[in-house]
Amino acid sequence: MALIELSDISKSYTIGHVSQQALTHITISIDQGKLVTFVGPSGSGKTTLLNIIGCMDKPTQGEVRVAGTRVDTLDRRQAAKFRGEHLGFIFQSFNLIPVLSVYENVEYPLLMIKRVSATEREARVWRVLEAVGMTAFKDKMPDQISGGQKQRVAVARALVTNPEVVLADEPTANLDQATAHKIITLMREMRDSFGTTFVFSTHDPRIVEHADVVHTIEDGRLVQDSTFLSGGIAHA
Ligand SMILES: Nc1ncnc2c1ncn2[C@@H]1O[C@H](COP(=O)(O)OP(=O)(O)OP(=O)(O)O)[C@@H](O)[C@H]1O
């Protein structure tokens, strides 16, 4: 069974008397352990789609299942609990807490959400900091490290709760090409090590090449469905 299932999703935003159609009849299945991207022009609906999968927003129509749970019917409290237990988030602007060290930033989701012992917490933080190659920087503050290093810390923070799915809205938008490439390589390694499914949006065709599956969105519709296999493109 797919880890994420979107069934005939539509979404419209209403401001005053004006309705804006953001997504129209989207059906997508995402398997566990894949690196999946949404690509498309600005305003095509990528962020809306990520927000719906991330239980931050609800579709106007259709059903959403993530890790076996119907999430579009959860109330705010249930959605927050679900996010904490099953999802990790990476943002294009990194969103590290400026007054916390690298170590404390990664530890933070465990303190907030999961009831884990201090020993287990320390072991988990070290494990993800090692995985992203940031143990040497653990006592640095966010303003003392580079953009690429900040995004490594953000990847570690997203993974520390062992989420099934990590969602990222243009995670490489504020990084130069070489650093963006390193972050995607890191996501692939994390996928292989932890079996995590990564779903992210991007404008960058050079990043798209590294995805397992690419979904193209235009004007709120799914226009093309391509799977990248061993460098070749096979239509799914
Ligand atoms: N909160 C909102 N209220 C009203 N309209 C919205 C809202 N959020 C998004 N939209 C509209 O929905 C459509 C899809 O927006 P969305 O942000 O999902 O696109 P996107 O593909 O992520 O764009 P970008 O690449 O620029 O981030 C756009 O027409 C946008 O103006």
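Each residue takes its place number in the sequence, starting with 1. When a ligand or atom number is given, it counts from 1 through the structure's own listing order.
- Numbered from 1 in the order shown, with element, the atoms of ligand 1 that lie under 4.0 Å from a heavy atom of S44 read 19 (O), 20 (P), 21 (O).
- The nearest heavy-atom contact from the protein to atom 19 (O) of ligand 1 is G45 N, 3.2 Å.
- Defined by atom type and a distance below 3.5 Å, a donor-acceptor pair is present between the side-chain atoms of Y13 and T48.
- Contact check for L110 versus V125: side-chain heavy atoms found under the 4.5 Å cut-off.
- Contact annotation: G40 has no heavy atom less than 4.0 Å from any atom of ligand 1.
- Nearest to atom 27 (O) of ligand 1 by heavy atom, out of T47, T14, I52, is T47.
- Side chains of T47 and D169: a donor on one and an acceptor on the other come within 3.5 Å.
- Applying the 4.0 Å criterion to heavy atoms of S42 picks out, from ligand 1, the atoms 23 (O), 24 (P), 25 (O), 26 (O).
- For K11, the heavy-atom gap to ligand 1 stays at 4.0 angstrom or more.
- Distances from atom 3 (N) of ligand 1 to the protein include at least one heavy-atom value under 4.0 Å.
- A salt bridge is absent between E189 and R191: the closest approach of a Lys/Arg side-chain nitrogen to an acidic carboxylate oxygen does not fall below 4.0 angstrom.
- At a heavy-atom distance under 4.0 Å, no atom of L49 approaches ligand 1.
- Heavy-atom contacts of I15 reach the following atoms of ligand 1: 4 (C) (cutoff under 4.0 Å).
- By the definition of a contact as any protein heavy atom under 4.0 Å away, atom 9 (C) of ligand 1 is in contact.
- Taking 4.0 Å as the cut-off, P41 counts as a neighbour of ligand 1 on heavy-atom distance.
- Counting heavy atoms from C-beta outward, H210 and T37 have side chains that stay 4.5 Å or more apart.
- A 4.5 Å side-chain heavy-atom check between T27 and I9 finds every atom pair outside the cut-off.
- In terms of N/O distances under 3.5 Å, ligand 1 is not approached by A22.
- Atom 16 (P) of ligand 1 has its closest protein heavy atom at T48 OG1, 3.6 Å.
- Residue-level proximity to ligand 1 for Q20 is carried by the side chain, the only part with a heavy atom below 4.0 angstrom.
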Would you please test Q61 and D8 for side-chain hydrogen bond (donor to acceptor under 3.5 Å, both in side chains) and show each step? CA-CA 7 Å; Q61 181 204 306; D8 198 18; 3.0 Å; yes
Take D204 and T202, measure what side-chain hydrogen bond (donor to acceptor under 3.5 Å, both in side chains) needs, and give me the verdict at the end. CA-CA 5 Å; D204 189 340; T202 186; 5.5 Å; no
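- In this structure, H203 counts as a contact residue of ligand 1, since one of its heavy atoms falls inside 4.0 Å of the ligand.
- A salt bridge links K11 with D57: the closest approach of a Lys/Arg side-chain nitrogen to an acidic carboxylate oxygen falls below 4.0 angstrom.
- Judged purely by atom type and a 3.5 angstrom limit, N105 uses its side chain to pair as donor or acceptor with the backbone of L100.
- Distance from atom 1 (N) of ligand 1 to its nearest protein heavy atom, with residue and atom name: Y13 CE2, 3.7 Å.
- Among all non-hydrogen protein atoms, the one lying nearest atom 25 (O) of ligand 1 is K46 NZ, 2.8 Å.
- To the nearest 0.5 Å, atom CZ of residue R77 and atom NZ of residue K81 are 10.0 Å apart.
- Scanning the protein heavy atoms around atom 14 (C) of ligand 1, the nearest turns out to be G43 O, 3.4 Å.
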